[in-house]
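Report on the following structure.
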Amino acid sequence: KGIIAASNELPAEGEGLEALWDRFLIRYIVQPINDKGAFMKLIGGNAETFRVPDEIALTDEEYTQISEGIKSVAVPDNIMDILYTLRSLYAKRFADFDEEDADVQSSPYISDRRWKKITAILRASAFLNGRGEVDMSECLLLEHMMWDRDDQIGTIRKDIAEKVVSACVKMNKGKGFRLNPVEHLA
């Protein structure tokens with residue numbers, strides 16, 4: 001089970017909220033509403049408590065079945081290698097912290113607990129998409145689980161893309177894999 005929270009600001013560094021912030025696994029920045037109609041609907045609507053309709057709500061039994069199914073999802077070596085490579089990269093950058101180094105400042109601290117939960121989300125995604133194994137598509141979720149500050153998102157996105165492409169090239173070496181899928185059209 002989980003909790004969803006929203007805030008108008010991220011926790012400031014040094015306020016002692018790092019351990020709490022570490023437990024918010026999926027992080028997504030939502031921009032203010034720009035569309036007039038959507039804004040009017042927001043401010044003019046009734047502040048009702050949201051309730052999941054009974055016909056789509058999970059029973060305790062269904063929740064247990066899904067939880068057990070998620071645990072059975074395999075995480076193949078190529079995905080584990082991506083996670084370990086990213087972990088090593090950020091651990092090194094974080095350990096080498098230097099106020100003058102923008103690359104280090106763009107490196108998040110990701111606890112081992114957080115890595116474990118990240119892997120559980122990847123498994124859940126695979127399971128809920130009908131697969132018994134995590135694949136490269138789940139790596140798209142990583143950028144929403146790895147940043148501490150919003151100025152890290154771009155660097156994290158780039159790092160993930162590089163590691164995934166590298167893993168794909170390695171995985172498909174000798175199989176006629178083309179990095180540029182339209183190069184044969186030229």
Taking the side chain as C-beta and beyond, is there a heavy-atom pair between I29 and W147 under 4.5 Å? yes
Derivation of the side-chain contact (heavy atoms from CB on, under 4.5 Å) call for D150 and I153: CA-CA 6 Å; D150 57 349; I153 296 170; 4.2 Å; yes
ring-ring contact (aromatic ring centres under 6.0 Å, His included) pairs touching residues 120-145, sequence neighbours excluded, are Y28-H144
Taking the side chain as everything from C-beta on, heavy atoms only, tell me whether I118 gets closer than 4.5 Å to M146. yes
What distance do Y63 atom OH and L58 atom CG have between them, rounded to the nearest 0.5 Å? 9.5 Å
According to side-chain hydrogen bond (donor to acceptor under 3.5 Å, both in side chains), does anything in residues 69-79 pair up with another residue at least two apart or in another chain? List the pairs. E68-K71
Which atom names give the shortest non-hydrogen contact between E62 and A57, and what distance separates them? OE1-O, 3.7 Å
Check: L128 and I66 side chains under 4.5 Å, non-hydrogen atoms: yes
Rounded to the nearest 0.5 Å, what's the gap from CG on L142 to CG on L122? Could you check? 5.5 Å
If the threshold is 4.0 Å, N to carboxylate O, is there a salt bridge linking K163 and D81? no
Summary of salt bridge (charged side-chain N to carboxylate O under 4.0 Å, His left out) pairs that have at least one residue in residues 26-37, sequence neighbours excluded: R27-D148
Quick one: pull up CE in M145 and CD1 in I121 and give me the separation to the nearest 0.5 Å. 6.0 Å
So that I can tick it off, tell me whether D112 and K116 are bridged by a salt bridge, with the cut-off set at under 4.0 angstrom between side-chain N and carboxylate O. no
Please tell me whether W115 and L25 are part of a single hydrophobic cluster in this structure, the criterion being side-chain heavy atoms less than 4.5 Å apart. yes
Can you check side-chain contact (heavy atoms from CB on, under 4.5 Å) on T155 and R93, steps first, answer last? CA-CA 12 Å; T155 300; R93 284 184 189 165; 3.7 Å; yes
Distance check, rounded to the nearest 0.5 Å: S166 atom OG versus I82 atom CD1? 8.0 Å
Taking E143 first and then K158, would you say they form a salt bridge - that is, a charged N and a carboxylate O separated by under 4.0 Å? no
Tightest non-hydrogen contact, residues A167 and M136, listed as CB-CE, 3.6 Å
Measuring only between side-chain heavy atoms, which start at C-beta, is I156 closer than 4.5 Å to Y90? yes
K117 and S111, any side-chain heavy atoms less than 4.5 Å apart: no
Heavy atoms of other groups near E61 CD, more than 12 under 6.0 Å: no
Does any part of the side chain of R123, heavy atoms only, come nearer than 4.5 Å to the side chain of R131, both counted from C-beta? no
What's the separation between atom CG in L89 and atom CG in D159, rounded to the nearest 0.5 Å? 5.0 Å
Is there side-chain contact between E162 and L86, with heavy atoms separated by less than 4.5 Å? no
Can you tell me how far apart SG (C139) and CD1 (I160) are? Round to the nearest 0.5 Å. 8.0 Å
Do the side chains of V169 and L140 join up, straight or via other hydrophobic residues, at under 4.5 Å, putting them in one cluster? no
